[in-house]
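Single-structure report; data block below.
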There are 2 protein chains.
Amino acid sequence: MLTERQLEVVLSVVYDYITTGEPVGSRTVSRRYLTGKSAATIRNEMSELSEMGYLNQPHTSAGRVPTAKAYRLYVDSILQRRREPLQALDPLPKELKSRRDDAEAALSMISQLLARLTHSIGLAGVEVMEEVLVQRIDFLPVDSRHALVLTVLKGGLVHHRMIEFPLEIRPADLEELSSRINLLASGRAWNEVRQSLSEYLAGTLDHLSRSCFSALEAIDELLSGRSMRIFAGGAHHILGLPDFQDIGKLQALMALLEEESSLEKLVRSVPQSEGLSVVIGEENPLEELQNCSIVLSSGQSAGRRLVLGLIGPQRMDYEGAIVLLEGLLPHLTAGDDGDRQ
Amino acid sequence: MLTERQLEVVLSVVYDYITTGEPVGSRTVSRRYLTGKSAATIRNEMSELSEMGYLNQPHTSAGRVPTAKAYRLYVDSILQRRREPLQALDPLPKELKSRRDDAEAALSMISQLLARLTHSIGLAGVEVMEEVLVQRIDFLPVDSRHALVLTVLKGGLVHHRMIEFPLEIRPADLEELSSRINLLASGRAWNEVRQSLSEYLAGTLDHLSRSCFSALEAIDELLSGRSMRIFAGGAHHILGLPDFQDIGKLQALMALLEEESSLEKLVRSVPQSEGLSVVIGEENPLEELQNCSIVLSSGQSAGRRLVLGLIGPQRMDYEGAIVLLEGLLPHLTAGDDGDRQ
DNA sequence: TTTGGCACTCGACGTCTCCGAGTGCTACTA
DNA sequence: TAGTAGCACTCGGAGACGTCGAGTGCCAAA
């Protein structure tokens, strides 16, 4: 177990390393943080902390650098004393307001905003939960074999997709189909009505049963398969940082960010027990991210889960990141909610 | 004017520099390309070419590097002899097929595909021309003051947007509105019917005139304002290249790629007289791109203009780029066309 | 006009040295 | 016994220096 003073030393080293980016020596700690103690004393403590796995030496005659274990300590200490009143920050930029109607554009903007504010990579995503309420579902005829399926969910999320029917289908049939679906599904959760809907349709519209089947399939895909949209923005902000010297790794990271499926995997791999979680360096399952840290925050409203996050160097400004995400998230979930109920 | 031999030398230098990335000396040219002539001869030619502004010396005792002027010569020579039969290349990956119904996802994939094949940045965009034919336009009620406007264009492009009405509006009115709009607009070009539609609606639905007005506004925005969607993909491919050592510039470039409006400006700034155009280095109006080259190719079908492009270092493989873009474009325009008429 | 020869230039690279920050250890002190 | 001061030691970084070699420009000869 760590003594009180050892803890102070670790936190000082982490703090100093985060701000300066250079290995921290005993003298620095003694002068800047534990002014009562001499460098020699600190040296002894640091030597022990090295053995315990909290600090690392890049080489013999250099200062110490925190390990993931030390960062963890630091982050936990932030999380503990964070129960102070969070001032409601960030009057949302109005550009964002103007995109209220287009969830995807808004997410992309938010990710870029986050990145800009923190000089790291911003993440913004939304996941449609199974319980999301359907507002309406429509089929718009395109030609005799194709129609556009359009789902509008409570809260303003809109999906559309072109589907192909196994047989020709008349516009009137489509209208019939959508009005029946709406009758049962509107205002309810899709996963709730899905089963009964299928039976009901099979019973009443049996001349169209095969077409109904493919329509339901398509809706299923829309509402569950592709149910998470996630955007990463502002990747260029980390380009200058001394922490990302290794171009090869940087490249791998950038490649990962472009793959929405990888991002999804990333977000899902983070334990989302509480609203906020921090993954530090090697704690990360994905190799490309092992010299990064991730702060993720998620909130839920109206059957959707909103995820905000930041990816930065291990020595990122955790405190700023946490405050930002915790300050922003309620704004967004609340705002989306109150908009059009 | 250049002599025959000077031309040969310039082209050799460009070619060699493109393949090796290192300044080219007179001996290299003499040995690899103009085997008949000695290094000294080449040296004299090169010295003159330097004065004429085709070649540059990074420093006194280094080989020559081509200037934009030389690249221009090189590219033009490719474009001239390119009139050979282009083998139909690239059986489109099937993933692309599966995204036929979602134009935006497809564009994003294409941009990444292009990037992967050429190790540069891929661009893919689509612009809705004024002459695009409307397939249908619908209003779906969301609540008493809001509706979703949905426009389906010939060729499968779908846009939607939430609009707010100045007054309450009943679902029946919306239906009335959309059926009237469709009556006049379906199968026609928006810019053709826009004016008469406005008058017609004002005449027949005057109790809703203010609402009609905002609806038409919204459609206008959908079909003209935001009419170009463009994606840049695979930016990580240029990270390793020796040509992009300067992190600052790279950062500016990446930032530009994330701004769709900048990309749009970029594409529009390129003269699109012929189907294919190449912009080299300083020829570029945007400062961020002055050490890049851009190859853009565009084709038109069904009222939409499809744009494919590549952004790479000045010493990019122009020949490969040109062949790729010219080979791919017809596939895509044709494919999109034949799909659902 | 072309070519071979030659002196010259200049960056890349390796070696060497010096400097200083930081360490570990030991002996001294309160 | 914990804390402190002193000291020898280590090691990377920066700068000085020398060498190497690719490439040039120019001149004189073919």
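Only heavy atoms go into these numbers, but all of them, side chains included; no hydrogens, no water, no symmetry mates. Labels below follow one simple rule: chain letters A, B, ... track the order of the sequence lines, proteins then strands, and each chain is numbered from 1. Just so it is clear, the model here is predicted, and its values are computed rather than measured.
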- Message: If I take atom CD in residue A:E22 and atom P in nucleotide D:dG12, what distance separates them, rounded to the nearest angstrom?
- Response: 16 Å

- Message: Heavy atoms from C-beta onward define the side chain here; which of D:dG23, C:dG24, D:dG25 lies closest to that of B:S47?
- Response: D:dG25

- Query: Nearest-Å distance, CD (B:E45) to C1' (C:dT3)?
  - Reply: 13 Å

- Whole angstrom value for the distance that separates P of C:dG22 from OH of A:Y17: 14 Å

- Hey, can you tell me if A:Y318 and A:Y74 have their rings parallel, tilted or perpendicular (30° and 60° cut-offs)? perpendicular

- Query: How far does CG of B:L324 sit from CD of B:E319, to the nearest 0.5 angstrom?
  - Reply: 12.5 Å

- Over how many whole Å does the gap from A:Q6 atom CD to D:dG3 atom P extend? 11 Å

- Query: Which atoms form the tightest heavy-atom contact between B:A232 and B:L257, and what is the distance?
  - Reply: CB-CD2, 4.1 Å

- For the student: nearest non-hydrogen atoms of B:L114 and B:G122, plus distance: CB-CA, 4.1 Å

- Note on the structure: Taken to the nearest whole Å, CG/B:D16 to P/D:dG23 is 10 Å

Filtered N/O pairs between nucleotides 27-30 of chain C and protein, under 3.5 Å:
none

- Do other residues, nucleotides or ligands put more than 12 heavy atoms under 6.0 Å from A:R27 CZ? no

- Message: Heavy atoms within less than 4.0 Å of DNA chain C: which residues of residues 57-68 of chain B have one? Give them sorted by number.
- Response: B:H59, B:T60, B:S61

- Test: A:R72 and A:E283 ion pair at under 4.0 Å: yes

- In whole angstroms, how far is the P atom of D:dT4 from the CZ atom of A:R27? 15 Å

- Item | Minimum-distance pair of heavy atoms, taken over all atoms of B:V13 and B:V24 | O-CG2, 3.8 Å

- With the side chain defined as heavy atoms from C-beta on, B:S38 is closest, among D:dT24, C:dT3, D:dC7, to C:dT3

- Query: Would one find a side-chain N or O of A:T41 under 4.0 angstrom from OP1 or OP2 of D:dG3?
  - Reply: no

- Rounded distance in Å - CD1 (A:I42) to C1' (D:dA2): 13 Å

- Query: CD of A:E51 versus C1' of C:dT23: gap in Å, rounded?
  - Reply: 14 Å

- Closest non-hydrogen contact found for A:A321 with A:V295 is CB-CG2, 4.2 Å

- Message: Between A:L55 and A:V65, does the side-chain contact (heavy atoms from CB on, under 4.5 Å) criterion hold? Intermediate values first, please.
- Response: CA-CA 6 Å; A:L55 301 179; A:V65 163; over 6 Å; no

- Note on the structure: Axis-to-axis angle across the helix from C:dT1-D:dA30 to C:dA30-D:dT1, five pairs each end, nearest 10 degrees, ~ 20°

- Nearest of C:dG4, C:dT23, D:dG3 to any side-chain atom of A:M46? C:dT23

- Message: Counting only side-chain heavy atoms from C-beta out, which of C:dC6, D:dC7, C:dT2 sits nearest to B:R43?
- Response: C:dC6

- Message: As a quick check of understanding, evaluate salt bridge (charged side-chain N to carboxylate O under 4.0 Å, His left out) for A:E45 and A:R5, giving each step before the final call.
- Response: CA-CA 8 Å; A:E45 299 288 20; A:R5 198 168 64 193; 2.6 Å; yes

- Closest contact, heavy atoms only, B:E22 versus B:Y17: O-CD1, 3.2 Å

- Task: On the 0 to 90° scale, with breaks at 30° and 60°, tag the A:Y33-A:Y15 ring pair as parallel, tilted or perpendicular.
- Result: perpendicular

